[in-house]
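One structure below.
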2 protein chains.
Amino acid sequence: MTQENFKSPLLTVDSVLFTIKDNSLKILLLKRKNSPFQNSWALPGGFIDVDKDGSAEDTACRKLTDKTGVTPPYLEQLNTFSSKSRDPRGWSASIAYFALIAHEETNLDVTPRNDESAQWVDVESLMDETANYQPLAFDHQQIFQFALERLKQKALYSMLPVFCLPKEFTLGEYHTLIEIILGKSIQKKTLYRRFEASNMFEETGETLATGARAAMLYRLKEDAELVNFERNLG
Amino acid sequence: MTQENFKSPLLTVDSVLFTIKDNSLKILLLKRKNSPFQNSWALPGGFIDVDKDGSAEDTACRKLTDKTGVTPPYLEQLNTFSSKSRDPRGWSASIAYFALIAHEETNLDVTPRNDESAQWVDVESLMDETANYQPLAFDHQQIFQFALERLKQKALYSMLPVFCLPKEFTLGEYHTLIEIILGKSIQKKTLYRRFEASNMFEETGETLATGARAAMLYRLKEDAELVNFERNLG
DNA sequence: GACAAATAGTGTCTCAAGGACAATTATCTA
DNA sequence: TAGATAATTGTCCTTGAGACACTATTTGTC
């Protein structure tokens, strides 16, 4: 039995790229220019180019770099969504990725698209299926929700969300970020303890003043490895 | 730009099916009858049948049911492995699944294949790349390792491994199972506390004697939901 | 039937890390 | 310089895992 006996499914790659901007969690959405779902908003992604891409991760990376101008500092595979009905063109599968970036590092702030084809969209507004940007193309709403769950879960037991922040950041910014992701208040002390215990960061020596006492700036250490804690935050 | 511009990658589904048998953790392997990797051992899987399968999970399920005679009580998606080089036939992706079953529930004990085309293979022997069954077809060694890591990880914070046990089992069997999966000794007390706290199980009323004092038999409750604990085992 | 062997299951103390929250420190503004 | 504001630290409480010894139940032997 060889693969020639089978009609081949469509295979695509889509990414959920998170950032923190204006005190809210956002993802990157693009307005589709072509059918199907023309003019709907969709996750950045597309078909694998078997000549350009060595793996699906290369495809995800290539598409994101195309849109943002930079390679996101964190990218992991999320899940593959497949069914006979998710794409009107036929049986299809999408390998979904989950990525984090500081919006300041992208070129989306500097050169906003005139045609508004690419937007940072507030996660809150995507929870309401009747709001702007809805409905998303394909099963992208489901993919987005899956990614959001993963982000929330990982925020409970790792420092992963720091990749939403710029290269240099303060503990206060991290604290705010975690509270926004989890949607509830977290003790500063707890985060500070983990921050210290992770041993992933170093002081830059600089401080950042946001109106009151200046806060120490930190950056990822060169050789930092993402640490998983033994317990979840409550 | 439509998908017609692209050569389409091959898309397959493979599963790592774990069980506990003869006091060791094993996975199901099949001997390949066809090229490529003819006569190598491989994970159960194959091409998606776009007519039969509504989703990739259906494919995984169908292939496993074909081989074992039953649907595994636990099946989740693991990861999709893709590259231009993992299959000599060309650019390919395999959606890998991770499944658990009690070997007693399958028909593999009752009707062992005469041609030895399907075997429960000891996980230990797969860690040694020079042993029997090696090397596995494609990147199945990597997929297997990924699955094993996932199983170990989940054993630390959930009761997931119970799906390797028969429908009725004792706490002692569960204890042994966990120690085998994690490869180290775990306090009975700790597991018993979690077992109780999970609220997933009920006494059958029967007991099972294994040579000394008889142990209470438990089964999954009808409406049991898999619980995640807040802390990992050490 | 008494008792030894073996495994099942419990009691209880210790310890590590998160939660609460108050106290202290540094910086800005008026 | 005082007051406001936010950063950072100190300390006690609580929860659940780890250690480990103790009790309970069944089987087999004499």
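Any value given below was found using the heavy atoms of this structure, including those in side chains, with hydrogens, waters and symmetry copies removed. As the structure is a prediction and not an experimental result, all values here were calculated from the model.
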From the list C:dG9, D:dT11, C:dT10, which nucleotide is the closest neighbour of the side chain of B:L171?
C:dG9
From the list D:dT8, C:dG18, D:dA19, which nucleotide is the closest neighbour of the side chain of A:A215?
D:dT8
Return yes if the base of C:dA6 and the side-chain atoms of B:R213 contain a donor-acceptor N/O pair under 3.5 Å, otherwise no.
no
Quiz question: going by heavy-atom distance under 3.5 Å, is there a donor-acceptor pair between the base of C:dG18 and the side chain of A:R231?
no
Atom CG of A:L191 to atom C1' of D:dT8: distance rounded to whole Å?
13 Å
Atom-pair distance (CD on A:E203; P on C:dA26), nearest Å:
14 Å
Between atom CG in B:L208 and atom C1' in C:dT7, what is the gap in whole Å?
12 Å
Geometric cation-pi criterion, B:R86 with B:F81: 6.0 Å, 45°:
no
Could you label the plane-to-plane angle of the B:Y218 and B:F169 rings as parallel, tilted or perpendicular, counting under 30° as parallel and over 60° as perpendicular?
tilted
Would you mind telling me which residue lines up with the more 5' stretch of DNA chain D, A:E173 or B:Q187, judged by nearest nucleotide?
A:E173
Determine the contact category for B:R194: base if any of its heavy atoms lies under 4.0 Å from a base atom, sugar-phosphate if only primed atoms, P, OP1 or OP2 are that close, otherwise nothing.
sugar-phosphate
Would you kindly give the CG-to-P distance between B:L182 and D:dA17, to the nearest whole Å?
14 Å
Just the rounded figure in Å: distance from C1' of D:dG18 to NZ of B:K184.
11 Å
Could you state the CD-P distance from A:E179 to D:dA6, rounded to the nearest angstrom?
13 Å
Heavy-atom pair of closest approach, residues A:H175 and A:I186:
NE2-O, 2.7 Å
What is the separation between atom CG on B:L217 and atom P on D:dT26, rounded to the nearest whole Å?
13 Å
Go through the N and O atoms of the side chain of B:K189 and the base of C:dG11, and report whether any donor-acceptor pair is under 3.5 Å.
yes
Name the nucleic acid region contacted by A:Y192, choosing base, sugar-phosphate or nothing; use a 4.0 angstrom heavy-atom cut-off, strictly under.
base
Base D:dG18 paired with B:R193 side chain (donor-acceptor, <3.5 Å)
yes
Distance check needed: C:dT27 P versus A:E206 CD, whole Å only.
13 Å
Closest non-hydrogen atom pair, B:W41 against B:S117
CZ3-O, 3.9 Å
Check the orientation of A:F98 and A:Y74. Use parallel for under 30°, tilted for 30 to 60°, and perpendicular for over 60°.
perpendicular
By nearest heavy atom, map A:A214 and A:I186 onto DNA chain C; which one lands nearer the 5' end?
A:I186
